[in-house]
Amino acid sequence: MAHPTEHPHIVVHAPALDGSRRVTSDDATLGVATHTDDVGEILRLADLYVTDVEDADFIEWQGGGPDDWPGLHEHHES
């Protein structure tokens with residue numbers, strides 16, 4: 001099966017209060033991730049097979065990188 005040469009622009013948005021991050025392609029929401037592995041699965045379900053979501057140049061990480069998954073408790077620390 002041939003793979004497309006161009007990937008859509010994927011955005012992993014800044015974490016919500018519960019630490020989850022919305023994953024979008026253009027204006028379409030693909031899913032909500034709670035871990036880096038979820039991002040890969042969401043992309044797989046969208047027929048985008050990515051072996052390393054942390055280093056893919058077409059994925060934009062907003063509000064932190066692939067290692068930033070804060071939970072609600074981190075938003076209330078003093």
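Nothing fancy with the numbering, it's 1 onward along the sequence. Since we're looking at a predicted model, the values are computed, not measured.
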Item checked: Spacing of OG1 belonging to Thr36 relative to CG belonging to Asp68, to within rounding of 0.5 Å -> 9.0 Å

Notebook entry, point to check: If you take all heavy atoms of Val53 and Gly40, which pair is closest and at what distance?
Noted result: CG1-CA, 3.8 Å

Next item on the list: Classify the angle between the aromatic ring planes of Trp61 and Trp69 as parallel (below 30°), tilted (30 to 60°) or perpendicular (above 60°).
Entry: perpendicular

Item checked: Test side chain to side chain contact (heavy atoms under 4.5 Å, CB included) applied to Val32 - qualifying residues, sequence neighbours left out -> Ser20

Item checked: Heavy-atom side-chain proximity of Leu43 to Ile59 below 4.5 angstrom -> yes

Notebook entry, point to check: Are Val23 and Val11 linked, directly or through other ILVMFWY residues, by side chains that come within less than 4.5 angstrom of each other?
Noted result: no

Margin query: Looking at every heavy atom in both Pro70 and Pro15, which two are closest together, and how far apart are they?
Written below: CD-CG, 3.6 Å

Check: Going by the salt bridge (Lys or Arg N to Asp or Glu O under 4.0 Å) test, which pairs reach into residues 50-60, not counting sequence neighbours?
Finding: none

Next item on the list: Go through the structure and list residues passing side chain to side chain donor-acceptor pair (under 3.5 Å) with Ser25, not counting sequence neighbours.
Entry: none

Margin query: Under the salt bridge (Lys or Arg N to Asp or Glu O under 4.0 Å) definition, can you give me all pairs with a residue in residues 21-30, not counting sequence neighbours?
Written below: none

Next item on the list: Report the residues that fulfil salt bridge (charged side-chain N to carboxylate O under 4.0 Å, His left out) with Glu41, sequence neighbours left out, ordered by chain and then residue number.
Entry: Arg44

